[in-house]
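Everything on this sheet refers to the single structure shown next.
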Amino acid sequence: MQPNTPVSGSAPTRAAARAAQQRRRSLVLLGVILVLVVALIAVLGILFLRGASGGAPQEPVSTGECLPSSLRITADPAVAGALEAIVADLTGSRSDCPDVTIRAEDSSVTAAALAAGSAPDFDVWVPDSGMWPARATGQAELTGVDAAELVVGADVASTPVVFAATEATAAALETEDAGFSSLAGRSVAAVLPDPSTVAASSAALLALQTAVGGDARAFTALALGLDTGVVPTAADALAAASAATSPTIAVTTEQSLLEFGEDAKASLVPIYPADVKPAVSVPLVTLADASDGTRESVEALSAAVAKGSARLAEYGLRDAAGNAPDSATENAAEAGAAAEPIDSANQAEALRTWQMITAPSRMLSLNDVSGSMLQPATADMRRIDLFEQAAVRAINSLSADSSLATWVFSSRRIGGQDWQEIVPFGALGDPAHKQRTIDTANGLDSLVGGGTGLYDSVLAAVKYMRETYVPGQVNLVLLNTDGFNEDDEGLDLPGLLAELEKLRDPAKPVAVIAIGYGPDTDQAALEQIAAATDGAAYQALQPTDIGTVLVDAVTQRGCRPNCG
């Protein structure tokens, strides 16, 4: 038998198979390498492009989604641009989506129109602060206007209130924890945009109230001091702080400062308050009678804004939680400082208080010239002498845009009438009227005589002020007396209180600020009269108290009846 031998051609066949398999492996490896190279080139290209563009983030990818129904949006200019960008990102290039129109209008203008009862011309209102819908509703209720019912939804954006200062001022304030207590301590001058139109300022006023522990008297004094530093807009405040030659801060928002810095290249930096940390938050406001489609669209819009933090950051806004855009400040710790929530109703009330404090006074001074005013108050001065001196001080404490009239009362001055007009209303900015008023105050002693016809005189004064009421001013009666009612033929106290109640109108308040001089005053009656008009009653028991009490009553007019 022949030994086993390979079948002819088998060995070359195995070698060829192995070679083919090796070639296939090489081709696969080459393909993988080519894929990796392509991917690496693509990554390097992206990095190169990003580097060339300064590291700017990529534009948000359009989702091509439509809102369920059309929307008419009225937005404050501070948020209108961001909303337009977010809506554009949402719909992309689609042309078949329901219309979404965005109209920019200052929040204060929209709020005023709503408070006056104007029909809303929007489906969604996006004010720059939740304070504005609270103010619109409150004003409408106060004046009895039938206004649209608003529904304030969740916040969608925010921006903290900051102090803007030059780098030199900021460096000087580093030695103290600058905050609203700094304003209370007057360690730095402040410029405030008009609180009636700028939400950041009313938020700052509420923070200032907090910083002084809710002390209405202290707040009033500070507010009157700030009044000289009020300018129309945030840009005006920032410009004033930038140009100031002494340490000055502008109260503004982080967003406003960022925009101002970009536009004017000003060397202002933010100081984040160390004590109270207010922020203004942006809500979506709808109407109570909105359709289901509108509500669905608002929910979709709210969700889109929540996802659009990059767009908000482009316009200097933080998201609803207060997370800071990277560009807000070089100090990341400060930029991330949590702002404290602000109650919108309290912010609106702070604005109302501010307006009361700073509004021009229209004051009727009703002065007791009964015979008892000639009684000695000190060894060398009578009650009327002390009152004359205090009255002149009070007149000089009023602003030039205030107006003042002088009446006196005793008993039966003109026939059976207990009261008499001595100086009619006139502006204290008129030098002739102011001098006449001062001369009259200095000469009241020549008019003294008779009993005290208190109640009829008070009613006549309040009636006159109601009949001649001037909106936008603090209309009040300043009552000065040293005794009690002695007119048995006129009103008694219950009758007066009943008549005052009939005249009461919260929309057109006329407060009686009553001051009793000396121990003979019927202080209980004065307190009831003041309470019936939402005023206040003082008593000056010592001669030296008269001047302090009278000036205090005049300057505290705006916080009545809760001055404390």
Side-chain angles (χ1 to χ4, degrees), residues 362-375 383-384 387 391 404-425 437 440-441 443-470 475-505 508-540 550 553 557 560-561:
R362 182 172 180 269
M363 183 186 301
L364 192 160
S365 181
L366 181 61
N367 305 302
D368 185 348
V369 290
S370 60
S372 58
M373 289 293 285
L374 294 176
Q375 292 185 9
R383 291 177 183 175
I384 192 67
F387 172 71
L404 185 66
T406 304
W407 287 16
V408 296
F409 70 95
S410 52
S411 59
R412 300 176 180 83
R413 296 197 64 84
I414 303 176
Q417 178 179 297
D418 295 335
W419 64 94
Q420 179 183 1
E421 180 184 79
I422 304 300
V423 182
F425 268 107
T437 302
T440 299
L444 287 176
D445 58 324
S446 65
L447 303 174
V448 172
T452 308
L454 177 61
Y455 298 155
D456 286 354
S457 300
V458 168
L459 181 60
V462 173
K463 276 186 175 180
Y464 176 81
M465 293 298 288
R466 285 299 315 281
E467 291 169 356
T468 60
Y469 188 88
V470 177
N475 294 257
L476 60 87
V477 174
L478 182 64
L479 169 62
N480 303 284
T481 182
D482 74 333
F484 52 89
N485 186 66
E486 296 175 327
D487 186 355
D488 296 333
E489 297 179 2
L491 289 168
D492 58 9
L493 182 58
L496 171 61
L497 297 177
E499 291 298 319
L500 292 176
E501 182 61 32
K502 293 177 185 177
L503 293 171
R504 187 176 187 143
D505 183 356
K508 297 179 178 179
V510 175
V512 174
I513 308 298
I515 305 176
Y517 297 99
D520 300 330
T521 305
D522 187 352
Q523 197 66 24
L526 296 185
E527 290 174 359
Q528 292 179 71
I529 292 170
T533 61
D534 291 328
Y538 290 82
Q539 187 171 22
L550 182 55
R557 66 196 185 281
R560 301 298 169 209

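Counting from 1, the numbers follow the sequence of the chain as shown. It should be emphasised that the depicted structure is a prediction, and the values quoted were computed from it without experimental measurement.
- The two residues G449 and R413 have their closest heavy-atom pair at O-NH1, 4.3 Å.
- S370 approaches G451 most closely through the heavy-atom pair CB-O, 3.2 Å.
- Nearest heavy atoms, A405 versus P424: CB-C, 3.8 Å.
- Interatomic distance, I513 CD1 to L366 CG, rounded to the nearest 0.5 Å: 13.0 Å.
- For the residue pair S457 / D418, no side-chain donor-acceptor distance below 3.5 Å is found, with atom types taken as modelled.
- If you run side-chain contact (heavy atoms from CB on, under 4.5 Å) between F425 and each of T406, L404, L364, only L364 comes through.
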Checking L374 against I384 for the side chain to side chain contact (heavy atoms under 4.5 Å, CB included) test, could you report, in this order, the C-alpha distance in whole Å, the side-chain angles of both residues, the deciding distance, and whether it holds?
CA-CA 6 Å; L374 294 176; I384 192 67; 4.1 Å; yes
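- Separation of atoms CH2 (W407) and CD (Q420) is listed at 11.0 Å; rounding is to 0.5 Å.
- In this structure, the separation between CG on L479 and CD1 on I529 is 6.5 Å, given to the nearest 0.5 Å.
- Side-chain contact between N367 and M373 is absent, with no heavy atoms from C-beta onward closer than 4.5 Å.
- Nearest approach of F484 to T452, heavy atoms of both residues: O-CB, 3.2 Å.
- Contact annotation: the side chain of D482 never approaches that of D520 to less than 4.5 Å [non-hydrogen atoms, C-beta and beyond].
- The shortest side-chain heavy-atom distance between I515 and L478 falls under the 4.5 Å cut-off.
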After noting the C-alpha distance and the side-chain angles of N485 and D522, does the key distance pass the side chain to side chain contact (heavy atoms under 4.5 Å, CB included) rule?
CA-CA 8 Å; N485 186 66; D522 187 352; over 6 Å; no
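- The OG1 atom of T468 lies 13.5 Å from the NZ atom of K463; values are rounded to the nearest 0.5 Å.
- Nearest approach of Y455 to A525, heavy atoms of both residues: OH-CB, 3.7 Å.
- Considering CG of L493 and CD of Q528, their distance stands at 5.0 Å, rounded to 0.5 Å.
- Between M465 and V462 there is no side-chain heavy-atom pair separated by less than 4.5 Å.
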Does the pair N480 and Y517 meet the rule for a side-chain hydrogen bond (donor to acceptor under 3.5 Å, both in side chains), with working shown?
CA-CA 8 Å; N480 303 284; Y517 297 99; 2.9 Å; yes
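- D368 has no carboxylate O lying under 4.0 Å from a charged side-chain N of R383, or vice versa, which leaves the two without a salt bridge.
- In this structure, the separation between CG on L476 and OG1 on T533 is 9.5 Å, given to the nearest 0.5 Å.
- Across all non-hydrogen atoms, the minimal contact from D487 to G453 is CB-CA, 4.1 Å.
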